[in-house]
Amino acid sequence: MKFGTRIIHTGREIDPTTGALSVPIYQTSTYRQESVDHFGKYDYARSDNPTREALEETVAQLENGTRGFAFASGMAAISSTLLLFSPGDHLVVCEDVYGGTFRALTQLFSRLGVESTFVDATDTAAIEAAFRPTTKGLYLETPSNPLMKITDLAAAARLARERGAITLVDNTFMTPYLQRPLDLGCDVVLHSGTKFLNGHSDVICGFAVVRDPELGQRIRFIQNAFGAILGPQDSWLVLRGIKTLRVRMEESQAGAINIAGWLAGEKRVTRVFYPGLPGHPGHDIHGRQASGPGAVLSFTLDTVETTRRLLEGMRLAAFAVSLGGVESIISYPARMSHAAMPPAERAARGIGDTLVRLSVGLEDADDLVAEMDRLING
C-alpha cells in the first residue's frame with residue numbers, strides 16, 4: 001500500500017469486538033481479573049490501555065518500527081527516552097536543538113551525571129570529533145528547530161552505530177509521512193505528537209518509536225515505571241487526527257512552498273530558512289532522505305520593529321507557541337520555543353530577536369501572503 005493508504009488502514013482502524021470504525025475510548029483505570037494465577041492482558045491502565053495501545057501500534061507502523069510508546073507530552077517522551085542513559089554517559093547533540101530538550105539536558109540530566117556536547121550536526125566530521133569513549137547516544141533534529149538545519153541521517157547513524165551509540169531523532173517537523181529515520185538506520189524516533197500527528201491544537205502528547213525489540217523493551221520498562229503515559233481520551237483524539245495526516249501535510253506543505261518563495265523575494269526579509277528552497281544548505285541531502293520540505297519555515301526580518309509589527313498584527317496566523325495545527329501559527333523562538341536557552345547560547349546559534357517561525361496551516365496561502373505583505377511592507 002502507498003503511505004497515504006497506510007495512514008487509514010493501519011490494522012487498528014476497526015474495533016475487533018464490535019466492528020466499529022473508531023476504536024473505543026476505554027476510560028478506565030483498572031480491569032477485573034478472573035484468577036489469582038492468570039491475569040488478563042490488561043491489569044492497570046498506567047501499564048496498558050486498549051485505546052493507547054491502538055495509537056502506539058499505529059504510530060509504530062507508520063514509522064516502520066516494531067514498538068511505539070505514547071506519552072503525556074513531547075517532553076515526556078524525550079525525557080523518558082533519555083532515561084536510557086546512566087551517570088557517566090555522554091551524548092552528542094545537534095546544537096540548535098529544541099529549547100525544552102536543551103533545558104532537560106543541561107539542567108536535569110546533567111545533574112544525573114549525563115553529559116552533553118552540542119555540535120553543528122550538519123557537519124558529520126564535527127559529530128565524529130565530539131565522540132568520546134563514554135558516548136552512548138547521538139541526538140538529532142532534521143530539519144532542526146528553528147533554523148531548519150539538515151543532518152545526513154544515514155551517515156550520522158552509521159557513525160554512531162560503528163561506535164556503539166544509539167541515534168535518536170526528533171521527527172516532529174517531518175512526521176512519518178515525509179521522513180522515516182528508522183529506515184535510514186536510526187534507532188529511536190521521537191515526536192511531539194501535539195503538533196502534526198494530532199494536527200488540531202487540542203492535545204498535548206508525545207511518542208517514541210524503535211525498530212529494535214530489545215530497545216523497545218527497555219523503553220517499555222521506563223514508560224511503565226516512570227508513568228508519564230497518554231490518557232485514553234487524548235489517545236482517541238490523536239488516532240482521529242492521524243487519519244487526515246496526508247491531506248493536511250500535503251496542503252500545508254504546498255502553502256509553505258508558496259510563502260517561502262514569496263518571502264525570499266522581499267526586501268525586508270533578510271533570510272529564509274526552508275529546505276524547499278534550492279539555496280537552503282542541505283537541500284540535496286534533505287531531498288534524498290525526505291519526500292518533501294514540510295510545512296514549517298523560519299525567516300529573519302530587517303528590524304525588531306518590523307518583527308513586532310508582524311507578530312502582533314497577524315490575524316490569519318495565531319501568534320502562539322506550538323505548530324502543526326490546521327490553523328497557521330506564527331512564533332517568536334527567542335521568547336517561545338527557545339526561551340529556556342540562555343541569551344548567549346541563542347545568539348551563538350543564530351536565534352536572534354528578528355527570527356520568526358511560521359507553521360503553515362490550511363488557510364489559502366495567498367491570503368496569508370497578503371496579510372504578511374501588508375504588515376511587513378505597509
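Sequential numbering from 1 along the given sequence is applied to the chain's residues.
- Pro213 pairs by the side-chain contact (heavy atoms from CB on, under 4.5 Å) definition with Thr66, not counting sequence neighbours.
- Contact annotation: the side chain of Phe173 approaches that of Met148 to within less than 4.5 Å [non-hydrogen atoms, C-beta and beyond].
- Arg246 meets the salt bridge (Lys or Arg N to Asp or Glu O under 4.0 Å) test with no other residue; sequence neighbours excluded.
- Residues Arg309 and Glu305 are not paired through a salt bridge, judged by the lack of any N-O separation under 4.0 Å between the basic side chain and the carboxylate.
- Between Thr270 and Asp302, the side chains place no donor N or O within less than 3.5 Å of an acceptor N or O (distance only, hydrogens not considered).
- A donor atom on one side chain and an acceptor atom on the other are found under 3.5 Å apart for Thr172 and Asp170.
- Under the 4.5 Å side-chain criterion, counting only non-hydrogen atoms from C-beta, Thr194 is not in contact with Val203.
- Around the CZ atom of Phe3, the shell of radius 6.0 Å holds more than 12 heavy atoms that belong to other residues, nucleotides or ligands.
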Query raised in the report: How far apart are the C-alpha atoms of Leu310 and Phe299, what are their side-chain angles, what is the distance that settles it, and do they pass the side chain to side chain contact (heavy atoms under 4.5 Å, CB included) test?
Result: CA-CA 12 Å; Leu310 175 65; Phe299 55 96; 3.7 Å; yes

Check your understanding: Yes or no on side chain to side chain contact (heavy atoms under 4.5 Å, CB included) for Val189 and Val59, after CA distance, side-chain angles and deciding distance?
Key -> CA-CA 10 Å; Val189 174; Val59 175; over 6 Å; no

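- A donor-acceptor pair shorter than 3.5 Å can be found between the side chains of Asn224 and Arg46.
- For Phe102 and Phe118, the ring centers sit closer than 6.0 Å to each other.
- Residues that satisfy the salt bridge (Lys or Arg N to Asp or Glu O under 4.0 Å) test with Glu57, not counting sequence neighbours, are Arg12.
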Applying side chain to side chain contact (heavy atoms under 4.5 Å, CB included), run through Glu327 and Ser201 and close with a yes or a no. CA-CA 8 Å; Glu327 62 286 300; Ser201 300; 2.6 Å; yes

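- Between Glu141 and Lys149 no salt bridge is recorded (no basic side-chain N to carboxylate O distance below 4.0 Å).
- Checking side-chain atoms of Thr122 against main-chain N and O of Thr151 turns up no donor-acceptor pair under 3.5 Å.
- Within the 4.5 Å cutoff, the side chain of Val114 has no heavy atoms near those of the Leu82 side chain.
- Linking Ile, Leu, Val, Met, Phe, Trp and Tyr residues whenever their side-chain heavy atoms come within less than 4.5 Å places Leu62 and Val23 in a single cluster.
- The closest side-chain donor-acceptor pair between Gln289 and Asp183, if any, does not fall under 3.5 angstrom.
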message = As a quick check of understanding, evaluate side chain to side chain contact (heavy atoms under 4.5 Å, CB included) for Met336 and Phe319, giving each step before the final call.
response = CA-CA 10 Å; Met336 290 178 167; Phe319 177 32; 3.3 Å; yes

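- Salt-bridge check for Glu250 with Arg248: failed, with every basic side-chain N at 4.0 Å or more from each acidic carboxylate O.
- No donor-acceptor distance shorter than 3.5 angstrom exists from the side chain of His191 to the backbone of Gly206, with no hydrogens or angles considered.
- Using modelled atom types and a 3.5 Å distance limit, the side chains of Asp43 and Gln33 yield no donor-acceptor pair.
- Relative to the six-membered ring of Phe69, Arg52 misses at least one condition, a distance below 6.0 Å or an angle of at most 45° to the axis.
- No side-chain donor from either of Glu56 and Gln61 sits under 3.5 Å from a side-chain acceptor of the other.
- Residues Thr5 and Lys2 have side chains that never bring a donor and an acceptor to within less than 3.5 angstrom of each other.
- Under the 3.5 Å distance criterion, with hydrogens and angles disregarded, no donor-acceptor pair is assigned to the side chains of Ser116 and His90.
- Between Phe226 and Leu83, some side-chain heavy-atom pair lies under the 4.5 Å cut-off.
- No side-chain heavy atom of Pro143 sits less than 4.5 Å from a side-chain heavy atom of Tyr274.
- The closest donor-acceptor contact from the side chain of His283 to the backbone of Pro275 lies under 3.5 Å.
- You'll find the side chain of Arg32 reaches within 4.5 Å of the side chain of Glu34, heavy atoms only.
- Panel note: side chain Gln223, backbone Ala70; a donor-acceptor pair is recorded below 3.5 Å.
- A donor and an acceptor atom, one from each side chain of Glu363 and Ser328, are located under 3.5 Å apart.
- Side-chain atoms of Asn145 and Arg357 form a donor-acceptor pair, as typed in the model, at a separation below 3.5 Å.
- Under 4.0 Å is where a charged nitrogen must lie from a carboxylate oxygen, and between Arg211 and Asp187 at least one such pair does.
- Annotation: side chain of Met249 is in contact with side chain of Thr175 (closest heavy-atom distance under 4.5 Å).
- Salt bridge absent: Arg268 and Asp373 never bring a charged side-chain N and a carboxylate O closer than 4.0 Å.
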